[in-house]
Amino acid sequence: MKDAFGAPQSLLVLGGTSEIALATARRLIARRTRTVWLAGRPSPALESAASGLRELGADVRTVAFDALDSASHESALGPVFSEGDIDLVLLAFGVLGDQARDENEPGAAVRVAQTNYTGAVSSGLICAKALQAQGHGSLVVLSSVAGERARRANFIYGSSKAGLDAFAQGLGDALHGTGVHVMVVRPGFVRSRMTAGLPEAPLATTPEAVATAIEVGLRRRSETVWVPGSLRLVMSALRHAPRAVVRRLPV
């Protein structure tokens with residue numbers, strides 16, 4: 001297989017300016033990846049990301065992709081797969097939103113849900129179908145530990161990630177035995193542009209650390225990856241804690 005041992009020759013990133021996705025692309029290019037597609041809204045940032053990866057020796061192309069415009073996903077992503085097999089799809093787009101604002105502006109809350117969940121369902125199914133048709137490949141979905149338990153501080157974002165996480169797990173079950181591997185990645189607080197200015201949570205991590213965990217997970221054919229790994233136990237305890245207790249926690 002072209003993507004054996006977690007070293008894909010070709011990579012499609014949905015969310016082409018994501019810091020985690022770009023850190024992952026850099027790691028994979030250093031190993032074996034030679035063709036990269038960055039899908040995102042056309043912008044100087046997207047072109048800059050592509051230019052940076054080209055400097056590492058990869059053939060990098062961009063494709064216009066808007067997570068909110070699900071009607072365009074088939075026409076945007078179909079031509080990518082028609083160019084040749086894609087060994088790895090990294091679904092990395094998402095928005096954090098502003099909890100205080102979004103509670104008072106339902107339209108803003110809906111935008112978070114549509115981006116993080118609806119857009120992912122649409123594009124994820126399109127990519128999964130294409131991977132299944134070619135008979136091999138991996139789909140890596142960036143979820144979040146926030147989806148493990150609804151918390152007062154970010155329940156709008158957390159609920160969208162909970163939906164995404166459940167969708168990705170179910171998709172992985174549906175594709176079992178087809179040659180297509182689905183891996184769900186659950187990072188904790190990641191120091192990035194998205195979280196700039198926010199109070200740092202315990203066990204915070206970096207885009208580079210998440211990228212390393214993704215690469216290791218691909219080699220192991222893991223189905224779920226926690227970053228850092230210790231968050232698995234922390235979130236398990238939080239998930240099973242009584243609601244009365246969780247309400248009193250500073251989370």
Side-chain angles (χ1 to χ4, degrees), residues 1-40 45-63 65 77 80-81 83-94 120 123-124 127 131 136-145 164 168 172 180-196 203-232:
M1 288 174 58
K2 293 181 179 180
D3 53 341
F5 308 111
Q9 292 183 2
S10 53
L11 165 67
L12 167 61
V13 176
L14 305 182
T17 59
S18 159
E19 290 174 83
I20 293 175
L22 293 174
T24 303
R26 288 191 292 270
R27 286 193 66 87
L28 296 177
I29 290 169
R31 295 194 66 204
R32 191 166 178 257
T33 302
R34 289 297 171 263
T35 301
V36 179
W37 292 83
L38 296 181
L46 184 64
E47 293 304 323
S48 177
S51 178
L53 296 182
R54 289 187 188 109
E55 291 177 359
L56 301 178
D59 173 18
V60 184
R61 285 170 276 183
T62 61
V63 57
F65 171 80
L77 301 176
V80 175
F81 288 92
E83 289 278 334
D85 285 3
I86 297 294
D87 297 331
L88 171 62
V89 177
L90 176 55
L91 198 160
F93 60 80
S123 56
C127 290
L131 293 174
H136 73 97
S138 293
L139 172 62
V140 174
V141 178
L142 286 187
S143 180
S144 170
V145 298
L164 171 64
V180 180
H181 165 231
V182 177
M183 185 171 80
V184 179
V185 181
R186 296 172 180 162
F189 185 100
V190 181
R191 303 182 191 101
S192 64
R193 291 189 303 268
M194 180 183 286
T195 58
L203 301 175
T205 188
T206 64
E208 290 72 24
V210 180
T212 299
I214 289 173
E215 183 185 7
V216 172
L218 286 170
R219 288 204 304 267
R220 295 175 176 173
R221 306 293 282 183
S222 301
E223 295 183 321
T224 307
V225 173
W226 298 79
V227 191
S230 54
L231 273 175
R232 180 175 185 175

Hits for side-chain contact (heavy atoms from CB on, under 4.5 Å) against E47, two or more places apart or cross-chain, chain-then-number order -> T62

With sequence neighbours left out, what residues match S222 under side-chain contact (heavy atoms from CB on, under 4.5 Å)?
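If we apply the side-chain contact (heavy atoms from CB on, under 4.5 Å) test to S222, skipping adjacent residues, the hits are M183, R220, V225.
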
Are the side chains of P207 and V190 in touch, meaning some heavy atoms are under 4.5 Å apart?
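They are in contact (side-chain heavy atoms under 4.5 Å apart), so the answer is yes.
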
Nearest 0.5 angstrom please: [X] [atom1] to [Y] [atom2], how far?
| X | Y | atom1 | atom2 | result |
| --- | --- | --- | --- | --- |
| L90 | T24 | CG | OG1 | 5.5 Å |
| C127 | L88 | SG | CG | 10.5 Å |
| F65 | W37 | CZ | CH2 | 14.5 Å |
| T33 | L11 | OG1 | CG | 6.0 Å |

What pairs meet the salt bridge (Lys or Arg N to Asp or Glu O under 4.0 Å) rule with one or both residues in residues 16-26, with sequence neighbours excluded?
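Sorted result for residues 16-26: E19-R193, R26-E208.
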
Identify the heavy atoms of S138 and L131 that sit nearest to each other, and give their distance.
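Answer, listing the atom of S138 first, then L131: O-CD1, 3.9 Å.
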
Testing P187, S192, P228 for side chain to side chain contact (heavy atoms under 4.5 Å, CB included) with V210, which one passes?
P187

Among I20, L142, T224, exactly one meets side chain to side chain contact (heavy atoms under 4.5 Å, CB included) together with V185. Which residue is that?
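The side chain to side chain contact (heavy atoms under 4.5 Å, CB included) with V185 is passed solely by L142 among I20, L142, T224.
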
Kindly determine whether R27 and T212 satisfy side chain to side chain donor-acceptor pair (under 3.5 Å), including the steps that lead there.
CA-CA 8 Å; R27 286 193 66 87; T212 299; 3.3 Å; yes

